[in-house]
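In what follows, a single structure is set out as structure tokens and then discussed.
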2 protein chains.
Amino acid sequence: MRPEEFDLVGSVSLIAAAAEEHRPQLLRGAFLQRFPAHVELIREGEPPDFLHIVVEGQVELFSRYRDRETTVGVLGPGSSFILAAVVLDKPYLKSARVLSSARILMVPSEAIRAIFDIDAGFARALTRELAQAYRGVLKELKNQKLRSSLERTAAWLVRFNAETGGLNQFDLPFDKKVLAGRLGIAPEVLSRTFVTLQSYRVRVAGRRIHIEDLASLTKLASPDNLIDDPLA
Amino acid sequence: MRPEEFDLVGSVSLIAAAAEEHRPQLLRGAFLQRFPAHVELIREGEPPDFLHIVVEGQVELFSRYRDRETTVGVLGPGSSFILAAVVLDKPYLKSARVLSSARILMVPSEAIRAIFDIDAGFARALTRELAQAYRGVLKELKNQKLRSSLERTAAWLVRFNAETGGLNQFDLPFDKKVLAGRLGIAPEVLSRTFVTLQSYRVRVAGRRIHIEDLASLTKLASPDNLIDDPLA
DNA sequence: CGAAGCGTTGAGAGCCGTCAAACTACGTGG
DNA sequence: CCACGTAGTTTGACGGCTCTCAACGCTTCG
């Protein structure tokens with residue numbers, strides 16, 4: 001890694017949690033690499049060579065079974081992935097592909113485990129990160145099992161709207177196809193869901209979304225902090 | 001806690017991971033308590049007062065939304081729950097009820113967090129526990145999104161059979177209603193699924209299950225280590 | 001201009017949930 | 001020991017949600 005890259009990377013919370021004197025060891029064998037869209041970064045079943053951290057761009061996490069595939073998450077800058085696999089030194093449970101051209105920091109998993117063993121502060125940061133990740137998947141499981149696709153879509157719109165300033169209009173951050181994956185439905189179903197949402201005064205034009213009646217959309221979504229709030 | 005209870009509790013892996021000198025502090029405010037069936041141990045949304053560890057019996061983890069409810073796990077002896085909430089000091093994401101009369105070790109969450117902060121070995125054990133738990137929920141999410149109810153049921157039977165010695169016959173460890181919850185389907189659907197499984201030579205008599213053609217059941221289930229193997 | 005990919009729309013089917021009724025198993029009290 | 005009530009289980013009927021397949025329009029990019 002080049003010197004100016006250290007600054008960028010030092011701001012990543014996980015790395016910052018390691019004691020000053022351990023950081024060089026963490027970054028010695030690390031790569032900060034640029035990948036074009038569609039590249040498959042990791043594949044489920046492989047042994048964990050690197051902890052991956054998204055510095056720029058978007059990454060989709062997914063999993064295959066028979067001839068099916070499902071999205072288990074979409075990550076943006078600042079998010080790490082496959083941390084659990086690295087800590088336990090067990091095979092990846094999911095694959096990852098680049099959605100939009102991305103820069104990924106890859107830290108050798110031995111380095112992570114080595115610092116984990118000698119740096120208590122780092123270990124505690126990992127614990128918190130994992131606890132957050134655990135709650136994230138659990139919320140997703142609840143989202144899937146307790147809500148219909150219409151409710152999930154509505155809840156997603158309400159939350160994304162809030163995250164982008166509550167202006168009641170925004171652009172989708174990725175293709176509708178990817179959003180459908182995130183919501184756990186087929187693209188055709190999402191398309192029809194948007195039609196249904198017209199009765200709740202949601203207007204869709206390409207990637208542009210207008211929420212003209214937030215109250216009624218919110219009522220439909222029944223937002224629940226224990227499912228929707230990423231900080232809860 | 002009475003002295004003889006310390007032995008029992010010392011064998012719980014999480015507690016055993018704490019340094020000898022910290023164990024008394026962990027257990028000082030702890031309770032080892034017996035609960036009858038149906039008692040609700042915790043309720044989602046509440047602040048985490050205690051880390052719970054199942055010493056004996058079975059506990060069902062579930063979650064509510066609107067007028068719906070879904071099971072997110074069933075635990076037996078040795079399992080802890082709501083660790084993530086305790087570590088982060090955030091509200092429970094799930095509720096828990098006793099299925100069959102159980103003994104639960106309840107450790108005050110402040111004690112957990114206090115030892116977590118000063119005992120690096122304990123912190124690392126927590127990390128591993130959380131990493132395992134993370135992978136567990138993720139597998140469950142994949143199980144739900146990638147498989148049909150028939151496949152989930154078949155996979156569950158194949159795995160439980162393996163776990164109980166591969167004798168191709170066993171008793172269900174809980175009511176079919178609870179199994180249906182675990183599999184994420186309505187009880188009526190499970191009942192019909194068992195009828196369908198007759199063509200794969202699965203015989204069901206009350207709680208008793210006979211697998212008369214493991215190969216064909218296995219073929220149906222397409223077991224996948226990255227979904228089914230609890231150790232993977 | 002043509003190819004490729006995304007998005008929409010229609011048609012059809014299958015999976016799964018709900019409601020209702022009947023049947024069974026089990027435990028309690030008489 | 002039996003009667004009864006409760007809870008679990010099964011079965012039927014039905015409907016709705018979601019998937020798949022297919023066709024078509026649109027945009028993008030080579």
Side-chain angles (χ1 to χ4, degrees), chain A residues 36-38 58 60 65-71 97-101 143-156 171-199 202-209 220, chain B residues 36-39 58 60 65-71 74 97-101 143-156 171-199 202-209 220:
Chain A
H38 308 302
Q58 292 176 320
E60 180 179 21
Y65 172 72
R66 290 181 162 210
D67 61 342
R68 304 160 214 172
E69 177 179 317
T70 192
T71 302
R97 72 166 70 95
V98 175
L99 279 184
S100 53
S101 169
N143 196 28
Q144 285 296 325
K145 291 180 74 173
L146 289 168
R147 293 214 265 228
S148 69
S149 70
L150 181 61
E151 290 170 331
R152 287 199 298 279
T153 307
W156 188 92
D171 284 327
L172 297 177
F174 28 63
D175 286 348
K176 285 179 186 165
K177 192 185 180 183
V178 175
L179 177 58
R182 248 256 54 197
L183 295 171
I185 56 183
E188 296 95 324
V189 176
L190 178 60
S191 188
R192 294 182 167 110
T193 300
F194 277 140
V195 173
T196 304
L197 285 175
Q198 285 176 11
S199 4
V202 174
R203 306 295 159 208
V204 181
R207 283 204 172 186
R208 192 81 190 156
I209 308 283
L220 172 65
Chain B
H38 308 301
V39 168
Q58 291 175 321
E60 181 178 20
Y65 173 72
R66 291 182 163 210
D67 61 341
R68 305 158 213 172
E69 177 179 317
T70 191
T71 302
V74 178
R97 73 166 68 96
V98 175
L99 279 184
S100 54
S101 167
N143 196 28
Q144 285 295 325
K145 291 180 73 176
L146 289 168
R147 293 214 264 227
S148 69
S149 70
L150 181 61
E151 289 169 332
R152 287 200 298 279
T153 308
W156 188 92
D171 284 328
L172 297 177
F174 30 62
D175 286 348
K176 285 176 186 167
K177 192 186 181 183
V178 175
L179 177 58
R182 249 258 48 203
L183 295 171
I185 55 181
E188 297 94 323
V189 175
L190 178 61
S191 189
R192 293 182 167 109
T193 300
F194 277 139
V195 172
T196 304
L197 285 174
Q198 286 176 10
S199 3
V202 174
R203 305 294 160 210
V204 181
R207 283 204 172 186
R208 194 80 189 153
I209 307 284
L220 172 64

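Throughout, protein chains are lettered first and strands after them, A, B, ... in sequence-line order, and every chain is numbered starting at 1.
The interatomic distance linking A:Gln144 (CD) with D:dC17 (P) rounds to 16 Å, in whole Å. Regarding A:Arg68, its CZ atom lies at a distance of 13 Å from the C1' atom of D:dT20, rounded to whole Å. Going from atom CG of B:Leu179 over to atom P of D:dA7 covers 21 Å, rounded to whole Å. Rounded to whole Å, the distance from CG on B:Leu183 to P on C:dG17 is 11 Å. Following rounding to the nearest Å, B:Leu172 (CG) and C:dA25 (C1') show an atom-to-atom distance of 15 Å.
Contact check for B:Leu190 versus B:Pro187: no side-chain heavy atoms found under the 4.5 Å cut-off. With a 4.5 Å cut-off on side-chain heavy atoms, B:Val204 and B:Val202 count as touching. Inter-residue side-chain proximity for B:Gln58 and B:Pro173 is flagged as met; some heavy-atom pair is nearer than 4.5 Å. Taking 4.5 Å as the limit, every side-chain heavy atom of A:His38 sits out of range of all side-chain heavy atoms of A:Arg97.
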Which protein N or O atoms sit under 3.5 Å from an N or O of nucleotides 4-13 of chain C?
residue, atom, partner, partner atom, Å
C:dC6, OP2, A:Lys177, NZ, 3.1
C:dG7, OP1, A:Lys176, N, 3.0
C:dG7, OP2, A:Lys177, N, 3.0
C:dT8, OP1, A:Lys176, NZ, 2.9
C:dT8, OP2, A:Ser191, OG, 3.1
C:dT8, O5', A:Ser191, OG, 3.2
C:dG10, N7, A:Arg192, NH2, 2.3
C:dG10, O6, A:Arg192, NH2, 3.3
C:dA11, N6, A:Arg192, NH2, 3.4

Could I get a table of every N or O pair under 3.5 Å where one atom is in the protein and the other is in nucleotides 24-30 of chain D?
none

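Rounded to 10 degrees, the angle between the two end axes of the helix from C:dC1-D:dG30 to C:dG30-D:dC1 is 30°, with five pairs used at each end.
Checked by atom type and distance alone, the side chain of B:Lys145 pairs as donor or acceptor with a backbone atom of A:Thr71 at under 3.5 Å. A donor-acceptor distance shorter than 3.5 angstrom exists from the side chain of B:Arg152 to the backbone of B:Leu183, with no hydrogens or angles considered.
For the segment residues 145-156 of chain B, residues with any heavy atom less than 4.0 angstrom from an atom of DNA chain C are, sorted by number, B:Ser148, B:Ser149.
With salt bridges taken as basic N to acidic carboxylate O contacts below 4.0 Å, none links B:Asp171 and B:Arg207.
Annotation: salt bridge (charged side-chain N to carboxylate O under 4.0 Å, His left out) contacts of A:Glu151 (sequence neighbours excluded): B:Arg66, B:Arg68.
Sequence neighbours left out, the pairs with a member in residues 176-193 of chain B that pass salt bridge (charged side-chain N to carboxylate O under 4.0 Å, His left out) are B:Glu140-B:Arg182.
Nearest approach of B:Ala154 to B:Leu220, heavy atoms of both residues: CB-CD2, 3.8 Å. The nearest pair of heavy atoms linking A:Ala37 to A:Ser100 is CB-CA, 4.4 Å. Contact detail for B:Ile185 and B:Ser149: the closest heavy-atom pair is CG2-CB, 3.4 Å. The two residues A:Phe194 and A:Leu179 come nearest to each other via the heavy atoms CZ-CD2, 4.2 Å.
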